[in-house]
Every structure is written in C-alpha cells, then in structure tokens.
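First listed ligand is number 1; within each ligand, the first listed atom is number 1.
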Amino acid sequence: GRERIGAQSVVLRGYALPAARALLAGVDAVRREAPFRHMVTPGGLPMSVALTNCGDFGWTSDERGYRYTREDPRTGLPWPAMPEAFDTLAREAARAADFPGFAPDACLVNRYQPGARLSLHQDKDERDYDAPIVSVSLGMPAVFLFGGHERGDKAVHVPLFHGDVVVWGGVDRLRYHGVLPLKDRPHPTLGSVRINFTIRKAG
Ligand code: MD5
Ligand code: FE
C-alpha cells in the first residue's frame with residue numbers, strides 16, 4: 001500500500017520486506033566496521049538513539065555542532081561503503097514516490113532500544129534540499145511525528161512497522177519530525193530493537 005502523508009511524502013507499507021534479509025546483512029556489515037554509538041548533542045547530552053553511518057558522508061554530532069564528515073570521527077577512517085541493497089532500494093523507492101534520478105551518497109543508521117526517542121527537529125545539514133530522503137524501518141514499531149514548518153505546528157502521528165519505507169521530498173523536505181519514546185514490543189526475529197536508516201544526498 002501507498003499512503004500519502006504530505007503533498008510530496010508517502011509511506012510505502014512493507015516495501016522493504018522482500019529485501020529485509022539483505023538489508024539486515026548490510027546493517028551488520030556497517031556496524032562491524034563502524035559500531036553504533038551514542039553521540040553527544042551540542043547541548044552536551046548523549047542522544048538516546050545510537051547511530052552509525054555508511055556511504056561517502058556520515059552525519060555527526062558533538063559539542064561543536066552537527067555536520068556531515070567523510071570519516072568516522074572515532075577512527076579517522078572513511079565510513080563503510082553503502083551496501084548495494086541500501087542503494088538499490090533507495091533508488092527504487094524514490095522512483096516509486098515520483099523522485100526519479102535520486103543519487104544518494106550518505107546513509108544514517110539509527111538504533112532505537114526501548115525508551116529511545118527523537119525529539120522534533122528538521123534535517124537541514126544536507127547541501128541539496130531538492131533531493132528526497134528515503135527512510136527504512138526494521139524491527140519494533142514506532143510512532144513517527146510529522147509536524148509542519150514551524151516547531152509549534154501540530155504533528156500527526158504515523159505508526160511505522162517492520163518493512164515500511166517512507167519517502168520525503170519537495171515541499172515536505174524541511175518539515176519538523178521526530179519519534180515518540182519506543183515501547184518494548186519485541187519483534188519476532190530482531191527482538192527489542194528498532195533500526196531506521198535514512199538514505200540521503202548529503203554532499
Ligand atoms: C527515524 N530519523 O525514524 C527518523 C526517520 C533522522 C530521523 O528523523 O533524522 O535520522 S527519518 C524522518 C525524516 C527525514 C527527513 C525529512 C523528514 C523526515 N520530514 O520532512 O519529515 O529514525
Ligand atoms: Fe530527521
């Protein structure tokens with residue numbers, strides 16, 4: 001199914017299910033090279049969500065701010081390569097959501113354990129806001145908050161399940177969004193974890 005949640009945003013329910021094994025193998029390959037870690041925000045607090053990256057650019061947060069870097073700050077080594085399965089799925093999902101020609105170069109991988117949350121924010125560290133963002137959810141369900149262009153705008157609640165893919169772009173690209181604290185509803189194969197990865201054009 002295809003659910004429109006904004007003028008240029010769609011949820012593709014179960015779109016990633018046929019590729020789930022390959023995608024999870026990709027997450028394992030990435031985490032072996034660049035383990036999940038709790039980055040510190042500019043405010044000095046560790047994030048409840050643990051993250052890693054793959055591709056040419058990776059998103060980083062520390063006391064100095066948010067930015068994309070070519071290297072993992074933990075090691076100084078380039079971020080792991082983007083798994084083929086991530087790249088293929090992202091291009092196909094973008095096309096299905098009317099964003100042909102998407103050429104991703106970055107992927108932020110988020111790991112949620114029970115209680116982890118993402119407060120309302122905009123994704124504006126990328127260079128090109130014309131490119132969409134493709135998000136893949138695996139494991140436990142979550143409630144995604146989809147707000148407006150001002151922080152105080154009312155946010156709609158969108159449940160996201162294992163295998164769902166969301167594509168955001170165009171006029172929706174800079175809308176505020178977040179994730180409610182994760183409930184512990186163990187997934188049959190992944191257990192008490194939610195993995196969300198977002199494939200982007202950052203550079
Ligand atoms: C998540 N991740 O479930 C969410 C899903 C992040 C993040 O928000 O920054 O890692 S991706 C949601 C998203 C991305 C880009 C634009 C919009 C939503 N949007 O315009 O609503 O871990
Ligand atoms: Fe975001």
Do me a favour and list the nearest non-hydrogen protein atom to atom 7 (C) of ligand 1 with residue, atom name and distance?
-> L118 CD2, 3.5 Å

For ligand 1, note which part of E126 has a heavy atom under 4.0 Å away: side chain, backbone, both or neither.
-> neither

Under 4.0 Å from one or more heavy atoms of T198, ligand 1 contributes atoms 11 (S)

When every non-hydrogen atom of S192 is compared with those of P186, the smallest separation belongs to OG-CG, 3.6 Å

Are K201 and D128 ion-paired here, with the side-chain N under 4.0 Å from a carboxylate O?
-> no

Atom 16 (C) of ligand 1: which of R117, K124, H177, R111 has the nearest heavy atom?
-> H177

R173 neighbourhood, listing ligand 1 atoms whose heavy-atom distance to it stays under 4.0 Å = 16 (C), 20 (O)

By number and element, which atoms of ligand 1 are closer than 4.0 Å to a non-hydrogen atom of L108?
-> 10 (O)

Atoms of ligand 1 close to D123 [distance to a heavy atom under 4.0 angstrom, numbered from 1] | 9 (O), 14 (C), 15 (C)

Between N196, D125, V143, which one has a non-hydrogen atom sitting closest to atom 5 (C) of ligand 1?
-> N196

R175 heavy atoms, cut-off 4.0 Å: which ligand 1 atoms fall inside?
-> 19 (N), 20 (O), 21 (O)

Output the list of atoms in ligand 1 that are nearer than 4.0 Å to some heavy atom of V179, sorted by atom number.
-> 1 (C), 3 (O)

Specify the protein heavy atom at minimum distance from atom 1 (C) of ligand 1: its residue, its atom name, and the distance to 0.1 Å.
-> Y112 OH, 3.2 Å

Distance filter under 4.0 Å to R200 heavy atoms, resulting ligand 1 atoms = 6 (C), 9 (O), 10 (O)

For R194 and ligand 1, answer yes if some heavy atom of the residue is under 4.0 Å from a ligand atom, otherwise no.
-> yes

Checking heavy atoms under 4.0 Å, the part of N110 that sits near ligand 1 is side chain

Of all the atoms in ligand 1, which lie at a distance below 4.0 Å from a heavy atom belonging to D172?
-> 19 (N), 20 (O)

